[in-house]
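Let me begin by presenting the structure, written as structure tokens, before commenting on it.
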Amino acid sequence: MFSQINPRLIRNLETLGLTENEAKAYVGLVSLGEATAREIHELTDVPRAKIYEILKVLAKKGFLEVRQGTPTYFRAVDPKRVIGKIKEEFLSCALEALNQLNELSYELPKTSPVWCIQSEWGIKNRIREILNGVNEELIVFSSSPTFFEEFEAELKKLEKTCRLILIVTEREKFKSLPFEFRETTKEFSEFINNIVVDGIRYDEEFFLMADGKESIGVHNAGNKREAVVIKLPVVCYMQKMIYERVLEPSFVKKAS
């Protein structure tokens, strides 16, 4: 079946707004050059009862051309033109939506000082916002090199402009990274990764605090990955006290 040849391409076109069958039909037509509805159906496995209607929709969108006859032939429009058209429409729609959202003039409720983020994109976006706003000090605790690999460029910039404190569980796992790390004792590492609340285990992946005013912690809660952002001064102050305690000699492992 065609759907087994390149499913990622089909998914990408779905992301751009096509239905699964529209994506299959268009990609099949690109492969064939020119083809009848029957040939497209046989290649792509798009249901025969739906193929004509789908091809009509694609023609209306400007993704293919039609040569009437018996049988009728279809030809795909150049993919560069098609993707360019989708891009222009998407950008135009996005800008219009942004302008309309900015024009909304209702009174927002008081912003909460605590937020939970559960999407990967949302977590990364919030981390970048916090990193971009650091002025004096950034404290980071991590049990995995992934965070430092993902945000290496941002951290290297901050290294030149603020006090950077990087605390890790096992320094050996981070040796390929261009930073100076402080390693906690095994006791602290085990404590931070053995928290159970209402039967759900919480494993801290990483935590960062910017200027003692805002923090974000990313953890795995059962089988979910989520982040908690806090902008509550008293809580951030207490968090900072905990990490300052972690930096005391009894908690920081000496470099060998």
Side-chain angles (χ1 to χ4, degrees), residues 94 98 102 111-193 195 202-221 224-256:
L98 179 60
N102 286 335
T111 302
S112 170
V114 181
W115 290 94
C116 182
I117 306 171
Q118 296 181 325
S119 75
E120 288 297 315
W121 179 86
I123 291 172
K124 290 179 181 179
N125 185 56
R126 194 71 186 89
I127 290 169
R128 285 199 170 89
E129 283 183 7
I130 293 174
L131 292 178
N132 288 336
V134 177
N135 293 312
E136 297 176 2
E137 179 185 74
L138 179 70
I139 298 173
V140 180
F141 167 79
S142 180
S143 58
S144 167
T146 305
F147 166 78
F148 296 104
E149 292 165 352
E150 177 79 26
F151 298 99
E152 181 177 331
E154 289 88 344
L155 291 170
K156 289 303 288 182
K157 287 181 182 177
L158 287 172
E159 210 172 30
K160 301 172 183 176
T161 61
C162 73
R163 185 183 180 216
L164 199 58
I165 302 170
L166 309 179
I167 311 166
V168 298
T169 51
E170 299 173 52
R171 194 184 283 115
E172 183 65 21
K173 292 196 302 187
F174 299 79
K175 66 180 183 181
S176 63
L177 291 157
F179 299 106
E180 181 181 341
F181 296 105
R182 307 187 194 191
E183 182 177 352
T184 65
T185 61
K186 186 178 180 182
E187 177 189 4
F188 180 80
S189 299
E190 289 178 349
F191 166 74
I192 206 76
N193 287 315
I195 300 171
Y202 288 78
D203 290 323
E204 191 78 9
E205 187 177 321
F206 67 86
F207 167 92
L208 65 85
M209 177 178 290
D211 296 328
K213 297 176 182 177
E214 182 174 12
S215 70
I216 180 169
V218 178
H219 56 261
N220 294 296
K224 286 193 311 182
R225 187 170 184 262
E226 60 185 21
V228 175
V229 181
I230 298 176
K231 290 186 75 172
L232 196 60
V234 69
V235 174
C236 289
Y237 177 75
M238 293 174 69
Q239 289 175 324
K240 186 173 181 181
M241 286 181 66
I242 291 170
Y243 279 92
E244 284 178 347
R245 170 69 172 148
V246 169
L247 293 174
E248 291 180 5
S250 60
F251 282 93
V252 177
K253 186 176 177 182
K254 293 181 180 179
S256 53

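Scored by the salt bridge (Lys or Arg N to Asp or Glu O under 4.0 Å) test, E136 finds no partners at all (sequence neighbours excluded). Evaluation of the side-chain hydrogen bond (donor to acceptor under 3.5 Å, both in side chains) rule for T146 yields S144 as partners, not counting sequence neighbours. Under the side-chain hydrogen bond (donor to acceptor under 3.5 Å, both in side chains) criterion, S215 pairs with Q239, not counting sequence neighbours. Residues forming a ring pair (Phe, Tyr, Trp, His ring centres under 6.0 Å) with F147 (at least two apart in sequence, or on another chain): F151, F206. N132 is linked by a side-chain contact (heavy atoms from CB on, under 4.5 Å) to nothing, counting only residues two or more places apart in sequence or in another chain. The side-chain contact (heavy atoms from CB on, under 4.5 Å) test applied to K173 returns P145, T169, E170, not counting sequence neighbours. Under the side-chain hydrogen bond (donor to acceptor under 3.5 Å, both in side chains) criterion, E149 pairs with no residue, sequence neighbours left out. By the salt bridge (Lys or Arg N to Asp or Glu O under 4.0 Å) test, E226 is found to be paired with no residue, residues two or more places apart in sequence or in another chain being considered. Every residue meeting the salt bridge (Lys or Arg N to Asp or Glu O under 4.0 Å) condition with K156, not counting sequence neighbours, appears here in chain and number order: E159. Shown here are the side-chain contact (heavy atoms from CB on, under 4.5 Å) partners of E180, two or more places apart in sequence or in another chain: there are none. Scanning for side-chain contact (heavy atoms from CB on, under 4.5 Å) contacts around K175 gives E172, with sequence neighbours left out.
Applying the side-chain contact (heavy atoms from CB on, under 4.5 Å) test between E214 and each of M209, K231, E129 identifies K231 as the sole match. F141 pairs with exactly one of T184, V168, L208 by the side-chain contact (heavy atoms from CB on, under 4.5 Å) rule, that one being T184.
A donor-acceptor distance shorter than 3.5 angstrom exists from the side chain of R171 to the backbone of F181, with no hydrogens or angles considered.
Taking CZ from F207 and OG from S143, the interatomic distance works out to 13.5 Å, rounded to the nearest 0.5 Å. Note: K224 NZ to Q118 CD = 4.5 Å, rounded to the nearest 0.5 Å. Interatomic distance, CZ of R126 versus CZ of R128, reported as 13.5 Å (0.5 Å rounding). In this structure, CD1 in I216 is found 4.5 Å from CD1 in I130, a value given to the nearest 0.5 Å.
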Check the pair R225, I123 against side chain to side chain contact (heavy atoms under 4.5 Å, CB included), reporting the backbone distance first and the verdict last.
CA-CA 10 Å; R225 187 170 184 262; I123 291 172; 4.1 Å; yes
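With contacts defined as side-chain heavy-atom distances shorter than 4.5 Å, the pair L131/K157 does not qualify.
The heavy-atom pair separating C162 from L138 by the smallest distance is SG-N, 4.4 Å. Of all heavy-atom pairs between I117 and G122, the closest is CG2-C, 3.6 Å.
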